[in-house]
Protein chains: 2
Amino acid sequence: MLGNSHPDLSLQCGDCPIRHRAVCARCDEDELDQLEEIKYYRSFEAGQTIVWSGDRMDFVGSVVTGIATLTQTMEDGRTQMVGLLLPSDFVGRPGRAMAAYDVVATTDLVMCCFRKKPFEDMMLHTPRIAQRLLEMTLDELDAAREWMLVLGRKTAREKIASLLAIIGRRDASLKVSAGAGQMVFDLPLTREAMADYLGLTLETVSRQISSLKRDGVIELAGKRHVTIPDFDRLLEEAGDDNDGGLVA
Amino acid sequence: MLGNSHPDLSLQCGDCPIRHRAVCARCDEDELDQLEEIKYYRSFEAGQTIVWSGDRMDFVGSVVTGIATLTQTMEDGRTQMVGLLLPSDFVGRPGRAMAAYDVVATTDLVMCCFRKKPFEDMMLHTPRIAQRLLEMTLDELDAAREWMLVLGRKTAREKIASLLAIIGRRDASLKVSAGAGQMVFDLPLTREAMADYLGLTLETVSRQISSLKRDGVIELAGKRHVTIPDFDRLLEEAGDDNDGGLVA
DNA sequence: ACGCGAGATTGATCTGGGTCAAGGAGCGCC
DNA sequence: GGCGCTCCTTGACCCAGATCAATCTCGCGT
């Protein structure tokens with residue numbers, strides 16, 4: 001996965017995406033070196049919880065490979081996913097000691113971490129890092145608000161289509177895109193995880209996926225391997241007029 | 001309203017809350033003076049649209065008095081409110097030309113604005129402003145994610161209770177709180193606007209409010225004036241275990 | 001005081017998606 | 001290669017909330 005190449009994201013140069021996209025897009029060499037010093041890697045297995053909501057969290061970082069989710073849980077067990085972390089996404093909140101959500105690896109995962117205190121110190125002295133972080137946070141806020149529309153006003157079928165569109169778009173931007181408007185990817189989530197993201201039950205997710213398949217909007221090989229023959233058709237199903245800014 | 005006093009927020013010192021809370025909590029006098037120079041006020045009437053989604057937006061700012069909403073609309077007319085702006089809340093996204101949402105004043109409203117370009121320039125030279133803005137954006141992100149749980153997983157009754165809790169909490173932090181766990185405020189939203197916030201219909205909102213009234217969770221004088229006799233009871237109805245971080 | 005109109009309430013009915021329940025399909029493991 | 005496990009699909013039924021349709025209320029202007 002690290003070897004993948006896309007001209008717009010410099011994910012493949014060097015060994016860590018954070019160096020290029022997540023926090024340091026415009027940093028000079030000194031600043032990069034400082035970051036190197038407080039950087040370390042952690043690996044997690046599929047299903048492993050990276051942080052529990054309420055736990056002390058002494059690092060921030062970004063996903064190198066694999067997929068993680070942010071979820072909230074009510075005491076009666078209802079859960080809602082509030083974020084989907086794909087490679088290059090940032091985790092953690094500078095200036096807060098406790099994690100506000102459960103962070104769970106849904107696939108095997110490698111994270112590039114920075115100890116929080118030195119990272120915060122660096123932010124104080126390196127406006128560009130703070131700036132970049134602000135930009136990223138604003139993007140996440142937009143994505144969260146886009147998702148509020150999905151959760152509040154879309155039908156089950158539209159919700160599924162919206163999720164597939166998000167994953168497809170993000171995935172395609174990481175891979176060399178397949179030819180001719182066609183889009184191929186593997187679903188990184190179980191039906192249950194999709195349901196938690198969409199505010200549905202897993203049965204409804206399954207039914208709507210079957211329905212979209214029946215109608216030729218998507219093709220499925222096995223349970224996870226998806227082909228989108230016509231992405232515009234999918235967007236239409238999602239109720240998206242503009243192919244707007246849904247960014248996971 | 002400008003004259004209100006609360007020890008934790010220095011809203012009442014000076015003539016503009018942004019000076020103290022929104023962007024400049026820890027700025028020195030020089031920095032404050034710079035902000036003063038690019039500051040101006042705008043007034044809006046109830047119902048007036050401040051910015052249309054997709055319009056050029058050449059300012060950022062914060063609400064001084066009144067209430068505004070951020071909404072998204074699908075082409076078939078379904079709308080979802082994605083943010084509620086109460087006094088001292090920040091509007092606008094540095095580094096983006098176009099507004100992503102409709103911003104509508106739901107009451108008469110005064111905004112303290114800064115022309116965007118000079119504000120952005122100031123951010124580059126004044127780390128504390130960028131820092132403060134990052135903090136605020138992270139708070140908004142948390143609020144948006146909290147709201148995703150409300151939209152995705154809560155029942156209509158819980159949604160109403162959650163909204164009342166948010167408004168009550170915010171309102172109480174601006175006013176001197178009424179005695180003995182009791183909480184009194186005026187609903188700043190119509191039933192329809194509440195429905196748009198909660199992903200419900202206005203009929204359901206009305207029914208649930210009646211039901212909460214019948215059960216003694218809230219008291220209503222007229223259509224808008226609300227008394228919460230027991231805030232903990234309301235939180236229980238909202239399904240909130242911890243009285244956690246819902247911040248509008 | 002009166003009448004008008006926007007907003008709110010309440011009722012009757014319908015339906016999308018939840019719930020409960022019964023298999024099926026793939027896959028790793030002995 | 002069959003056993004068991006986890007994940008997924010499909011069916012039957014139900015219910016919370018949407019929809020459609022009357023009123024009702026109250027603030028406001030004359």
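Computation of the quantities below employed the complete heavy-atom set of this structure, encompassing side-chain atoms and omitting hydrogens, waters and symmetry-equivalent molecules. The chains referred to below are lettered A, B, ... by the order of the sequence lines, with proteins before strands, and numbering in each begins at 1.
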> Rounded to whole angstroms, how far apart are NZ on A:Lys159 and C1' on C:dG18?
Replying inline: 12 Å

> Got a sec, which pairs hit salt bridge (charged side-chain N to carboxylate O under 4.0 Å, His left out) with one end in residues 205-229 of chain B, sequence neighbours left out?
Replying inline: B:Arg157-B:Asp215

>> Counting primed atoms plus P, OP1 and OP2 as sugar-phosphate and everything else as base, spell out the protein contacts along nucleotides 6-17 of chain C at 4.0 Å heavy-atom distance: B, S or - for each nucleotide, 5' to 3'.
In response: -BSBBBB----S

>> Under the salt bridge (charged side-chain N to carboxylate O under 4.0 Å, His left out) definition, can you give me all pairs with a residue in residues 193-205 of chain A, not counting sequence neighbours?
In response: A:Asp196-B:Arg153

>> Which residues pass the side-chain hydrogen bond (donor to acceptor under 3.5 Å, both in side chains) test with A:Thr155, not counting sequence neighbours?
In response: A:Glu158

>> Going 5' to 3' along DNA chain D, which are the first and last nucleotides with any atom under 4.0 Å from a heavy atom of chain B?
In response: D:dG17 to D:dC26

> Among all residues two or more places apart in sequence or in another chain, which pass the side-chain hydrogen bond (donor to acceptor under 3.5 Å, both in side chains) test with B:Thr204?
Replying inline: B:Thr201

>> Taking salt bridge (charged side-chain N to carboxylate O under 4.0 Å, His left out) as the cut-off, I'd like each qualifying pair that reaches into residues 59-74 of chain A, sequence neighbours left out, listed once.
In response: none

> Residues in side-chain contact (heavy atoms from CB on, under 4.5 Å) with A:Ala100, at least two apart?
Replying inline: A:Arg96

> Got a sec, which residues hit side-chain contact (heavy atoms from CB on, under 4.5 Å) with A:Ala144, two or more places apart in sequence or on another chain?
Replying inline: B:Leu141, B:Ala144, B:Met148

>> Considering only residues two or more places apart or on different chains, which pairs with a residue in residues 42-70 of chain B satisfy salt bridge (charged side-chain N to carboxylate O under 4.0 Å, His left out)?
In response: none

> What bend angle does the helix from C:dA1-D:dT30 to C:dC30-D:dG1 show across its length, from five-pair end axes and to the nearest 10 degrees?
Replying inline: 40°

>> Just to verify, what does A:Arg191 make a side-chain hydrogen bond (donor to acceptor under 3.5 Å, both in side chains) with, not counting sequence neighbours?
In response: none

>> Under a 4.0 Å threshold between the charged nitrogen and the carboxylate oxygen, would B:Glu140 count as salt-bridged to A:Arg145?
In response: yes

